[in-house]
2 protein chains.
Amino acid sequence: MEDLSPFVENINRKARLSPENMALLTAAFKVVKVKRKQLLIQPGFVAKYRIYVLKGAFHSYVIDDKGNEHTIQFAVEDWWLSDYNSYIHQTPATQFVEALENSIILQVDYQAEQQLKDTNWELATLFRLMAEQTAAYLARRIVSNLTQSAEERYNEFVAKYPQVVQRLPQYALASYLNMTREFLSKIRNDKVRKK
Amino acid sequence: MEDLSPFVENINRKARLSPENMALLTAAFKVVKVKRKQLLIQPGFVAKYRIYVLKGAFHSYVIDDKGNEHTIQFAVEDWWLSDYNSYIHQTPATQFVEALENSIILQVDYQAEQQLKDTNWELATLFRLMAEQTAAYLARRIVSNLTQSAEERYNEFVAKYPQVVQRLPQYALASYLNMTREFLSKIRNDKVRKK
DNA sequence: TATTTTTCTTAAGCTAGTTCATCGCTTTGA
DNA sequence: TCAAAGCGATGAACTAGCTTAAGAAAAATA
């Protein structure tokens with residue numbers, strides 16, 4: 001049996017739920033073990049689940065016309081992810097969601113989430129807060145993409161998520177920060193030399 | 001008296017409200033006339049309002065360390081905007097929201113919106129759907145920023161919003177698309193020559 | 001443990017996009 | 001109605017970041 005307390009605390013930080021509703025919510029999520037390199041979501045298939053990472057690491061990415069991979073989002077312990085467009089609108093995904101390590105997730109399927117939202121005020125509020133916070137977070141990311149240079153984006157990421165950086169493959173981080181792996185390699189190396 | 005039917009239809013496309021709730025919602029929004037160049041939101045002040053554009057055009061932008069202006073969002077008739085982070089978290093704004101034309105807006109203040117969401121199921125659902133759709137939209141924009149070249153981003157924008165392009169100052173569109181005004185000018189000109 | 005595959009580094013040459021500067025054309029405001 | 005300011009076009013010089021290529025290091029797999 002997995003320890004769900006990180007999940008419970010994550011939820012508690014967003015909204016205060018009654019014990020009954022916390023139990024209802026928790027029951028709607030299923031624990032799933034995922035092997036490294038396993039795909040949770042693939043282009044062409046509708047994203048069926050909203051995913052919370054209990055243990056491990058994931059990234060979501062798209063592959064463009066030229067065959068280049070672009071990481072859209074990372075998630076490690078206590079983070080959420082999905083192909084947000086596909087999940088919310090229940091349309092075919094455009095992104096891959098892939099495990100970077102052997103991982104354990106909690107997932108809720110779209111129907112179950114709808115049912116909770118349709119029948120339970122506190123849980124509907126929780127999901128509203130999650131959507132609002134997601135939108136606010138994405139808005140901040142757009143601003144930083146529009147205003148910062150490649151090096152500044154890297155510095156910001158390292159400052160914000162110092163422990164995460166080391167767990168991510170550099171090529172994935174590079175594409176997340178909208179630069180080539182080679183250029184990221186150069187930035188890191190220039191930094192070392194300056195010291 | 002302004003004609004609010006575009007607003008009503010905008011809402012109806014998102015959620016089916018009872019006539020009473022539509023009346024409640026509409027009553028929470030105030031009609032405000034805004035002059036060209038007027039600022040609705042400024043850095044340092046908490047964004048008090050969520051804004052719907054009934055008539056006119058706006059853009060939101062930030063000014064970076066080097067003094068450069070970056071347009072984050074546009075809004076013309078039937079679009080919504082605010083400094084989303086500031087509004088949702090009620091923290092000081094980082095963005096300007098400025099009228100590009102003499103405009104008429106509907107605005108709801110944060111307290112009023114909270115009160116509606118706290119007391120009314122249908123309206124709480126409406127705002128949840130809005131947040132989900134906003135997040136989905138922002139996620140799409142991040143993908144297109146990560147995967148497309150400057151010219152492709154311009155083409156996409158023109159294809160999506162052909163009528164809007166002509167009303168926007170070119171320098172604002174250029175910074176929205178993450179390029180200089182000069183480069184946008186070049187792209188447009190290359191296009192004309194090819195024909 | 002050896003072998004294969006994937007990831008990271010380095011460096012040279014290149015290009016998409018920027019910067020700077022100049023010139024008309026419009027708007028704006030006194 | 002005239003001056004001032006703002007906007008878009010153009011071009012030359014520049015640079016941040018990309019491409020290509022090849023080797024070194026690390027990780028996965030047998």
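FYI, side chains are in, hydrogens and waters are out, and symmetry mates aren't considered; it's all heavy atoms of this structure. The chains referred to below are lettered A, B, ... by the order of the sequence lines, with proteins before strands, and numbering in each begins at 1.
Using a 4.0 Å cut-off between a side-chain N of Lys or Arg and a carboxylate O of Asp or Glu, Arg181(B) and Glu69(B) do not qualify as a salt bridge.
Listed by residue number, there are no residues of residues 163-176 of chain A with a heavy-atom contact under 4.0 Å to DNA chain D.
Rounded to whole Å, the distance from CG on Leu100(B) to C1' on dC7(D) is 14 Å. Atom CG in Asn189(B) sits roughly 14 Å away from atom P in dG8(D) (whole-Å rounding). To the nearest angstrom, P of dG17(C) lies 12 Å from CG of Leu177(B). As rounded to whole Å, 7 Å separates atom P of dG17(C) from atom CD1 of Ile187(B). Between the CD atom of Glu151(B) and the C1' atom of dG17(C) there is a distance of 12 Å, given to the nearest Å. Atom C1' of nucleotide dA27(D) and atom CD of Glu101(A) are separated by 14 Å, given to the nearest angstrom.
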N/O-N/O pairs, protein side and nucleotides 28-30 of chain C side, under 3.5 Å:
| residue | atom | partner | partner atom | Å |
| --- | --- | --- | --- | --- |
| dT28(C) | OP1 | Arg36(B) | NE | 3.4 |
| dT28(C) | OP1 | Arg36(B) | NH2 | 3.4 |

Any protein N or O atoms within reach of nucleotides 18-23 of chain C? Criterion: under 3.5 Å, listing atom names and distances.
| residue | atom | partner | partner atom | Å |
| --- | --- | --- | --- | --- |
| dT18(C) | OP1 | Thr180(B) | N | 3.4 |
| dT18(C) | OP2 | Thr180(B) | N | 3.0 |
| dT18(C) | OP2 | Thr180(B) | OG1 | 3.0 |
| dC20(C) | N4 | Glu182(B) | OE2 | 3.3 |

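In the model, Tyr87(B) has a side-chain atom that pairs as donor or acceptor with a side-chain atom of Glu113(B) under 3.5 Å.
Aromatic ring centres of Tyr176(B) and Phe74(B): separated by under 6.0 Å. In this structure, the ring of Tyr137(A) has its center no less than 6.0 angstrom from the ring center of Trp80(A).
A donor-acceptor pair is defined here as one N or O able to donate and one able to accept, closer than 3.5 Å; no such pair exists between the side chain of Glu77(A) and the backbone of Val53(A). With Gln42(B) contributing its side chain and Gln95(B) its backbone, the two residues share no donor-acceptor pair below 3.5 Å. Checking side-chain atoms of Asp83(A) against main-chain N and O of Thr94(A) turns up a donor-acceptor pair under 3.5 Å. Within the 3.5 Å criterion, the main-chain N or O of Leu146(B) finds a donor-acceptor partner in the side chain of His70(A). Put simply, the side chain of Arg141(B) never gets that close to the backbone of Ile142(A): no donor and acceptor are under 3.5 Å apart. A donor-acceptor contact shorter than 3.5 Å links the side chain of Ser86(A) to the backbone of Thr91(A).
Proximity of Leu106(B) to Val31(B): side-chain heavy atoms (C-beta onward) are separated by under 4.5 Å at one or more points.
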